[in-house]
Amino acid sequence: MVTVLDARTSQNASTSGSISIPVTAGTPQLFGQIGLITTGATTPIRVQMSGIISLQLPLLPALTSVTITVVRGTAPTDPIVFSASSNLDLEILGPQAFTFIAADFNVTPPAGGQLTYTAFVTSNLLGTVRVGPESFYGIAFTG
């Protein structure tokens, strides 16, 4: 039997063009964070996550690579549970959406009763801009 422990959403920007946040080259930038309550779990926990982030090329378009990283914790140095990189399309001058699905299996129930996951974006080039939407969702369950 599957038991859902908790589900949370971090909604930073709901619509396209609703934000304009430059991404510092080479520095992970937080765009979503969820805390999943796992109090009472006695067996390994499974967590499924998904998200979207939309980015735009710098004003002077050049080969731009972006990386989405999800960690179990709050810092970019915490254990990575998902990471993917992609190049922005140089022929698209408007927003480019990146979606992802991640999973963390057989997680030991934490002593504090909460699992925290954080989503970061990194760009290799100065001038990449977060333009929305941005959303990060997760669900924790056992069984």
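Excluded from the calculations below are hydrogen atoms, water molecules and symmetry mates; all remaining heavy atoms, backbone and side chain alike, are included. Computed from a prediction, not measured in an experiment: that's the story for all the values here.
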- Task: Check the pair T64, N124 against side chain to side chain contact (heavy atoms under 4.5 Å, CB included), reporting the backbone distance first and the verdict last.
- Result: CA-CA 6 Å; T64 306; N124 71 324; 3.8 Å; yes
query: Can S135 and T9 be said to form a side chain to side chain contact (heavy atoms under 4.5 Å, CB included), step by step?
result: CA-CA 7 Å; S135 184; T9 299; 3.9 Å; yes
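Rounded to the nearest 0.5 angstrom, I53 CD1 and Q29 CD are separated by 8.0 Å. Atom CG of L115 sits about 4.5 Å away from atom OG1 of T38, to the nearest 0.5 Å. Taken from OG in S83 to CZ in F120, the straight-line distance is 12.0 Å, to the nearest 0.5 Å. Atom OG of residue S16 and atom CD of residue Q56 lie 8.0 Å apart, to the nearest 0.5 angstrom. How far CD1 of I34 is from OG1 of T116: 8.5 Å, rounded to the nearest 0.5 Å. With rounding to the nearest 0.5 Å, the separation of CG in L30 from OG1 in T118 is 5.5 Å.
Residues D6 and I139 are not in side-chain contact: their nearest non-hydrogen atoms beyond the backbone lie 4.5 Å or more apart. A heavy-atom distance below 4.5 Å is found between the side chains of L88 and F98. In this structure, Y117 and M49 have side chains that are in contact, with non-hydrogen atoms separated by less than 4.5 Å. Taking 4.5 Å as the limit, every side-chain heavy atom of Q48 sits out of range of all side-chain heavy atoms of I101.
Nearest heavy atom pair, residue P110 against residue I45, reads CD-CD1, 4.2 Å. The nearest pair of heavy atoms linking P44 to T142 is O-CG2, 3.8 Å.
Annotation for I21: hydrophobic cluster partners, listed by chain and number, are I19 (ILVMFWY side-chain heavy atoms under 4.5 Å, direct or chained).
With hydrogens and angles disregarded, no donor-acceptor distance shorter than 3.5 Å links the side chain of Q96 to the backbone of N87.
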Donor-acceptor pairs under 3.5 Å, side chain of residues 65-77 to any protein atom, not counting sequence neighbours: which ones?
{"residue": "T67", "atom": "OG1", "partner": "S85", "partner atom": "OG", "Å": "2.6"}
{"residue": "R72", "atom": "NE", "partner": "D104", "partner atom": "OD2", "Å": "2.7"}
{"residue": "R72", "atom": "NH2", "partner": "D104", "partner atom": "OD1", "Å": "3.0"}
{"residue": "R72", "atom": "NH2", "partner": "D104", "partner atom": "OD2", "Å": "3.0"}

